[in-house]
Amino acid sequence: VRNIKEFKKKTNKKKIICLDCGKKRVGIAISNENHTLSLPMQVIKRDKEFNSKIANILLDYNVGGILVGLPIDKSKKTNKISHFIIDITKNLDFYLLDNNLDVPFFFWDESFTSIEAEDLTEGLYKNKKEQKKNLDKFAATIILDDFMNDEKKT
């Protein structure tokens, strides 16, 4: 997908999942069909089964698009981590296409969402370790909310 307008058109009345990719884990959030609600879904390991897990989510939840959080630095440029996430996304896209799943991807700035997610989940879990284990799905929810709020403006 080349731009936000095209992504919105392709995902109109379809659910979107959002991926907050890390080195070890990926947080996943999902929207409703009208793009008015986002929910934290799960955190999965980024292992050799990662692509098939995402494919199963797409099929199980009838997902029409994938929003990917991309860290952008202060000068609005990509960095080493951004390129790492772009590579993960390319591999996932190839895997999905090989399995007859043609789903549009769109990148969205995820700057500071982990900090927001920490604040949001403060006191939700019995300890910091449990909080950290679940943080990525809340970060994905924040990214998806941000995208949907921007979508309402246009």
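In what follows, residues are counted from 1 in the order of the sequence shown. As a basis for the values below, the full set of heavy atoms in this structure was taken, side chains included, without hydrogen atoms, waters or symmetry mates.
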Do [X] and [Y] come close enough that some side-chain heavy atom pair is under 4.5 Å?
X: Trp108; Y: Ile4; answer: yes
X: Ile54; Y: Tyr95; answer: no
X: Asn91; Y: Phe50; answer: no
X: Asp47; Y: Lys53; answer: yes
X: Ile66; Y: Val68; answer: yes
X: Ile17; Y: Leu19; answer: yes
X: Cys18; Y: Ile28; answer: no
X: Phe105; Y: Leu96; answer: yes

[X] side, atom [atom1]; [Y] side, atom [atom2] - distance, nearest 0.5 Å:
X: Lys80; Y: Ile85; atom1: NZ; atom2: CD1; answer: 13.5 Å
X: Asn34; Y: Lys13; atom1: CG; atom2: NZ; answer: 4.5 Å
X: Ile86; Y: Ile81; atom1: CD1; atom2: CD1; answer: 12.0 Å
X: Lys15; Y: Leu39; atom1: NZ; atom2: CG; answer: 10.0 Å
X: Met148; Y: Leu37; atom1: CE; atom2: CG; answer: 6.5 Å

Taking [X] for the side chain and [Y] for the main chain, is one N or O donor matched with an acceptor at less than 3.5 Å?
X: Asn149; Y: Asp145; result: yes
X: Asp146; Y: Ile142; result: no
X: Asn99; Y: Leu101; result: no
X: Thr36; Y: Asn32; result: no
X: Ser31; Y: Ile16; result: yes
X: His35; Y: Lys8; result: no

Go through the steps to decide whether Ile72 and Leu70 satisfy the test side-chain contact (heavy atoms from CB on, under 4.5 Å), and finish with yes or no.
CA-CA 6 Å; Ile72 307 292; Leu70 193 67; 4.0 Å; yes
Hydrophobic cluster membership, with links at side-chain heavy-atom distances under 4.5 Å among I/L/V/M/F/W/Y: are [X] and [Y] in one?
X: Phe107; Y: Leu67; result: no
X: Phe106; Y: Ile143; result: yes
X: Leu92; Y: Tyr61; result: yes
X: Leu144; Y: Val103; result: no

Check the pair Ile44 / Arg25 against side-chain contact (heavy atoms from CB on, under 4.5 Å), numbers first and verdict last.
CA-CA 6 Å; Ile44 60 174; Arg25 295 183 300 267; over 6 Å; no
Specify the closest pair of heavy atoms between Thr11 and Gly64, including all atoms of both residues, with the distance to one decimal.
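Taking Thr11 first and Gly64 second, the nearest heavy atoms are CG2-O, 3.6 Å.
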Phe7/Phe147 aromatic ring centres below 6.0 Å:
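Between Phe147 and Phe7, which both carry aromatic rings, the centre distance is below 6.0 Å.
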Between Val26 and Val43, is the side-chain contact (heavy atoms from CB on, under 4.5 Å) condition met? List the steps.
CA-CA 6 Å; Val26 176; Val43 177; over 6 Å; no
Start with the C-alpha gap between Asn12 and Lys9, add the side-chain angles, then the distance that decides, and say whether side-chain contact (heavy atoms from CB on, under 4.5 Å) holds.
CA-CA 5 Å; Asn12 188 34; Lys9 186 177 180 181; 5.9 Å; no
